[in-house]
Amino acid sequence: MPLFLGGWFQWLTGPQSTFDTHGPVAKSQLDVFYVTLWVTGITFVIVVSILSYATLKFKARKTDDPHAAIPHQGHGNPLIELSLIGLSVLALVFIAVPTLKSIWYSYDIPAERKENAYEVNAIGYQWWFKFEYPKEQIDGTGTLVAANELVIPAGRPVRINLRTTDVIHSFWVPKLAGKVDMIPNRGNHLWLEADQPGYFWGQCAEYCGESHAVMRFRVIALDEAAFATWVARQKTPARSVAADAPVTGSPAAPYEFKNPGRNAPGWSAEFDAAPFANWEKQQNVNAGENPALIAQGRQLFQQKTCVSCHTVRGHDFNGTTAPDLTRVGARTTIAAGLLENTPENLHRWIVHPDEVKPGNKMFVGVPMTGGTTMAGYINLDKDTGKPTGHNIVINDDEARALVSYLHSLK
Amino acid sequence: MSTHAAAGAIDHHHDHTTTTGIPNKKLFMWAFLASDCMFFGALISTHLIYRLHQTPNQPDIVGLFSLELTSFSTFILLMSSLLMALAVNACQKGHVPATRKMLLGTIVFGLIFLACQVYEFSHFVHEKGLTLSSSMFGSTFYTLTGTHGCHVAIGVLWLVLMYIRTFKPADGRPWILKSFIHLLVFAVVTVAAIKALLGGVHAFQEHHGLSGEMLSAFVHHDLLAIGVTVAGLIALVFLGRDRKAVEFGEANAIDVESMGLYWHFVDIVWIIIFTAVYLLEYL
Amino acid sequence: MSASSSPAAAGHGQHEASKFHIFVQLAMILAVITGVEIVLIYIPLAKWLIVTSLVTLSLVKFMLVIFIFMHLKWDKLFCTILFFIGLSLAGGTVIALLALFATEDSKPLTTEETSAISYNVRAA
Amino acid sequence: MSAHAQTDSVGHATHTAPPAEKRSWLLTRPTAKTGIVSWLTTVDHKKIGLMYGISALFFFLVGGVEALLIRLQLAVPNNTFISHQLYNELFTMHATTMIFLAVMPLSAAFFNYMMPLQIGARDVAFPRLNGFAFWVFLAGAIVINVGWFMKSGAPDAGWFGYAPLTSKAYSNQFTHDMSTDLWVMGLQILGVSSVVGSLNFIVTIINMRAPGMTMMRLPVFTWMTLVTAFLIILSFPAITIALVELMMDRSFGTAFFDISNGGLPILWQHLFWIFGHPEVYILILPAMGIISEILPTFSRKPLFGYPIIVFSGATIGFLGFGVWSHHMFTTGMGTVATAAFSLMTMAIAVPTGVKIFNWIGTLWGGHLQMRTPMMFALGFVWMFMMGGFSGVMHSAAPADAQQQDSYFVVAHFHYVLIGGSVFALLAGIHYWFPLIFGRKVSEFWGKLSFWVIFSGFNITFFPMHFLGLNGMPRRTAVYDGNMGWNDANLIATIGALILGVGIAIYFTVMIYTYFKGEKTSHDVWDARTLEWAVPSTPPPEHNFDVIPTVHARDAYWYEKNHQAEIAKEQAAHAADEASHGGIHMPSQSWFPIIAASGLLTGALFFVNHIMIGAIAGGAIMFLGVYLWASEGPGGYHIHLDDKNHKKH
Ligand code: HEA
Ligand code: HEA
Ligand code: CUA
Ligand SMILES: [Cu+2]
């Protein structure tokens, strides 16, 4: 076992550990868990001790003689039985009381703190999350929208309205709060609060189809000032780099892409070491941008019909069926929390989304009300589900341009 | 160890020698009905839940219903229950001919009920535009009442089989083919009669009442159905005039009785549906 | 009358004849109750009152049928118990479901609320 | 009271045999006692039980192989051994197979084989219906699994198939796909089988008991059979309706779970779990029954607190109908509903605890014989208790908000399902093997398989508690390597392989024993209940030469201690029976399997949208039932004196 001992600590403190709570809701739920753990643990130790004692004490030594002395044929003892029932009930009362308290506590923000609460909407899609900020209205466009990374103020209760457009998903950020499902036609909500600024892992926790396993997201909690800055920044249109510069010739290639294996991890150890700092770094404009390449990417974004699904606010790209990309460059992840947002990964994603996330709607198209489909990378035969042709093929040069463009969107 | 085939009906270890004194078949049926309660409970819950929530495209429900028709078919079902009870009664006394009559009566009432339902459904679909998919109400209404209708239909089939069985000859002559013909005639008559009946109702409505005109239109339009019905009825009478000794008797009362339990249960389910699905809408 | 098929009825020979009448009378009573129900819905009384009486009347009909037409009254008690296990569980489940769906948390979203997010809901 | 005293009130009118019958060939009853026909037409509860058992064990291996594939995929992070799609099919089919095609039918195998013996009956109340239930089960199993061999693949919506993922729009949108239809259809058919079988068991237990076998003398296994049968007939209708509604949505355009028409997917969850929770008790109660037989036998002591064990079993069954929403704590039910279901769920720990305590009470002061069945039984008590405790942790709704749909749940239910149900069933196989086959499994190999299974099981599933609490969601085909889940997953996979080896040893030993095992005297274990009172092992077709008369709770134990008295009584009854025409046995029949094959045909055509075929299937089924009714119950008599086969 020494092989594993080093990792033992990790067994309880992973990025989605429910033991390592960072907010009052998760804390209250953990406390209830500890109560259940203690009560059942003690009961277990007692019962198992008696069981073992009985097993060892009354074990027949001569197994091969079935007709050894026959024990007393006792039938039971009502007094013992009743008192054990009484004890079990008592043990359960110990669990029930904190359970009830926490049910009410975790259901909604305490009345005295409602004033101060912040509100967001989280909407589940197969297989990504959209976040709306109803409190932040942008002139001319409406509600501020983000995708896959939810930024919230720390130290403030946040009420999250949970909605879905297709099937059932579930919103789960273990360090901040237990999960609540997003169910069609149902107005669910949840509340959570991050005690401190931080970076938290989340995951869809209800089986929602082929790529359920890779439907993830992040929550970033910022202190009041940073949050205000972030919001102000978000409200502005997308960043333009040399938008008017004419594109001439073949642009220089800043990135070298190798084809990673399908099972290559989507994250790096450096990132893991300081995720929050990395998020902050990601907000800054990249050094050494190539305006020509970016401009070409912007054009390709139109030509390759990315625009039919994606919005880049301010660049006249207003598709609504896919993650908003207005600040995609400032996110730490792409493809719904799956890959770290590096040029290599972005390349991997936009060239072969299906290899990263099988069945994803960017690849096979987004079904629309009325039975039509917004075409994705390929077309599928309605009868057999077999691919019948490609709409979008992106070669390495185009990918470079697109990556440059998307990464400039901070 | 020797074995010898014993004659068909001996089943003393299976029906009468029971620990509780309750015949196995009766116990089976009551247990099944307990289970069926959950079945209809789930269906009725579905209907009521969707009725208590607003759903899109909901039709004008009261405008849809015809209380006269539904009360009529409720009444019919109640009467069929009476006849069923009497059939059991007659069979327990060993009166096979009386049993047959009561069974036939039950069958006829059951069929009238089904015809009413067919009429109601086709009326809703064609005139009121309520279909399975037009609204949630359509889905739950048709599924609930349709499932009940299926229960009635199965009941009628069972009754018919029981009726035919009362003719099984006592002397052990092969009979299976004849029974099958009997069944076929029943099936044909049923379909033809329902068609003729619906045609009659249609003509009645078209021509606003009973009149010469209406009759001629009816006969003209549904001649085939009427003809087949009449011919089939004659065949049934003929088939039913078998006076030879039959195997059926008191011993089969338990079969009739358990069938009766099923039939009455279907009836009480309708009592609930009548209140929960129809009457409550009028408030 | 023979007891051979219905042991529970054994020894009730003299009542057999009158069962016919019981059945017929019951049918009449049921018809009358149904009539009353139909009239009831048109009477301008408080809604809860009418609903309660409709439910009660249906229950009365229900019980009359199972106890008389279906012989429970004359059969072994066990049949009644057996059926009532199913009936009460089913009744309880229906009531629990209706209650669960009646709570505020179970109110479905209003049309505006859904349409705000429904632009890519597939038409089923 | 003799068996025939009871018949008095029902008269003997039917005993006057009608004239010798002339039957058309169609209605001639098959009489083969060996060979394939004897199996296809059997109405013998023992043969049917064996067929259930063998099919269930086959499907257990299938489900186990599916589980091993799942574990191999999860052995390392970001594995590409299996695609997401296949993985989803695997866990759906693994669960469906294990629950509906392995554990339930294995319990049904014991119900069939043991229950009539335990109550001293010659067969179940409706022998042909019993055969029908088995063939329908097989039809359902085929329908569910046939997807593996078709282009559309196996069902992939999870074993509880939450709407609207099962709607046409999200599963199998393509016309050629029908895996979800297969799932819907297969489960409906399995429901028919279970309900029909259970009705039969209910009638049998209530009506076919040997003289003197009062309800409070029934062996606990029979009691649990009864409670389970009630759970089945009362819970399956809920899922049947849910499936019917889903089928209507998929095939006839209704809107039950269609969101744009106001459908409420949450309704599916309610209907499913109204069935689903009682279902988990359907899986565990038979197991508890088996344990309640084994522990007294090997402690050589009566069950401690028999009445309260019986009563708590019934209470568990009853309470089981009031807790379904504990699977829905995260669906936003609101505070009051959540609290109510939370408390109700905790309440179930009490009657379950009662059982545990009484089992320990049974051991106390006993003379414990550590034979293989006893090892598995003790393993059950430990492991089930652990699973029960994690169940109680789930029942605290706030804690469950962090556990639901995580590997903590996976750990919980495998502890109760494997540590519970499967351990008990494996114990039962060992325990009754000598009765069924007249041979005994070697103690060494039996114990070895127990220890390998026991350790493999714990190595697999104990780490999953940590995985869950460390945030690993279930039903995920891949996970990242930076989440702290790698070690535990690898250990679990190694454990699963060890478990697989254990199971392989277990089955190899069983098969070896069947052919070459040591022959045993009958009543090897010095057992207590009536099934061991059969005249020979394996038991003869007619079970008992003379229907036993029961004088005490552990009927056979009593018999063994009052031999003279019993012998006299039996002689009298034997004479009585002989004067009555001998031992009456039900005739075999072709029609149960014919009717079931109609159902299978119809179902397969229906999911392929070939309505003509569906109707044809229905017609075959109708014909089967029609001829079934026409051939009458039949029956023949066995006269024991003709062959001195009787044991004195
Ligand atoms: C054999 C099947 C079986 C059994 C017996 C149980 C038994 C119990 N189960 Fe389990 N359960 C499942 C099979 C089973 N379960 C399955 C398959 C699922 C998952 C379904 C899915 O999602 O796929 C599930 C899921 C499940 C959930 C939902 C989790 C979630 O998805 O969020 C919950 C929540 O309350 C729960 C609770 C319980 C409880 C309280 C018991 C109790 O009955 C346990 C009682 C036993 C004991 C407590 C131990 C002995 C008692 C004592 C020694 C007395 C003293 C004890 C105390 C005072 C505490 N179970
Ligand atoms: C009675 C029920 C039962 C049983 C017995 C099992 C047995 C096992 N289960 Fe099961 N499991 C469920 C019921 C059950 N499971 C359910 C209900 C789910 C939820 C599904 C869902 O989410 O929808 C689930 C889900 C589930 C998961 C989670 C999947 C996920 O959420 O992504 C996992 C993962 O490890 C798993 C593993 C196992 C393992 C390793 C076994 C082992 O115990 C298996 C042991 C058996 C063997 C190892 C077979 C050995 C066979 C051989 C050696 C023979 C080889 C022979 C030939 C090739 C001829 N199961
Ligand atoms: Cu969304 Cu799982
Ligand atoms: Cu449960």
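Letters go in sequence order (proteins before strands), and every chain restarts at 1.
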Side chain, backbone, both or neither: which part of [X] has a non-hydrogen atom closer than 4.5 Å to chain B?
| X | answer |
| --- | --- |
| D/Tyr626 | side chain |
| D/Asn200 | backbone |
| D/Leu271 | side chain |
| D/Ile119 | neither |
| D/Phe275 | neither |
| D/Leu234 | both |
| D/Leu129 | side chain |

For each of [options], tally heavy-atom pairs with chain D at distances under 4.5 Å, and name the one with the top tally.
| options | value |
| --- | --- |
| B/Ser135, B/Cys37, B/Ser179 | B/Ser179 |
| B/Gly138, B/Ser45, B/Ala42, B/Ser134 | B/Ala42 |
| B/Tyr142, B/Tyr50, B/Phe180, B/Phe40 | B/Tyr50 |

Q.
Given 3.5 Å as the limit, does a donor-acceptor pair link the side chain of D/Thr254 with the main chain of D/Asp249, or not?
A. yes

Q: For the pair B/Thr19 (side chain) and D/Arg209 (backbone), establish whether a donor and an acceptor sit closer than 3.5 Å, ignoring hydrogens and angles.
A: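 Checked: pair present.
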
Q) Which of the residues D/Thr240, D/Ile202, D/Val195, D/Ile206 is involved in the greatest number of heavy-atom pairs with chain B at under 4.5 angstrom? A) D/Ile206

(Q) Looking at chain B, which one of D/Ile274, D/Leu267, D/Leu199, D/Thr204 has the largest number of heavy-atom pairs inside 4.5 Å, strictly under? (A) D/Leu199

Considering only heavy atoms, which portion of [X] lies under 4.5 Å from any heavy atom of chain D: side chain, backbone, both, or neither?
| X | result |
| --- | --- |
| B/Leu161 | side chain |
| B/Leu43 | both |
| B/Leu183 | side chain |

Q) Closest approach of D/Asp123 and D/His45, non-hydrogen atoms and distance? A)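 Closest approach of D/Asp123 to D/His45, heavy atoms only: OD1-CB, 3.5 Å.
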
Q. Which heavy-atom pair separates D/Pro586 from D/Tyr636 by the least distance, and what is that distance?
A.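 Taking D/Pro586 first and D/Tyr636 second, the nearest heavy atoms are O-CE2, 3.4 Å.
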
For residues [X] and [Y], establish whether the separation of their ring centroids is below 6.0 Å.
| X | Y | result |
| --- | --- | --- |
| B/Phe167 | B/His182 | yes |
| D/Phe132 | D/Phe591 | no |
| B/Phe124 | B/Phe141 | yes |

**Q.** Point-to-point distance, once rounded to the nearest 0.5 Å, from CE of B/Met38 to CD1 of D/Ile239
**A.** 12.0 Å

Q: Apply side-chain contact (heavy atoms from CB on, under 4.5 Å) to the pair B/Met84 and B/Met259, showing each step before the final yes or no.
A: CA-CA 9 Å; B/Met84 187 70 241; B/Met259 178 176 71; 3.9 Å; yes

Q: Take B/Asp255 and B/Lys25, measure what salt bridge (charged side-chain N to carboxylate O under 4.0 Å, His left out) needs, and give me the verdict at the end.
A: CA-CA 7 Å; B/Asp255 298 339; B/Lys25 286 180 182 166; 2.6 Å; yes

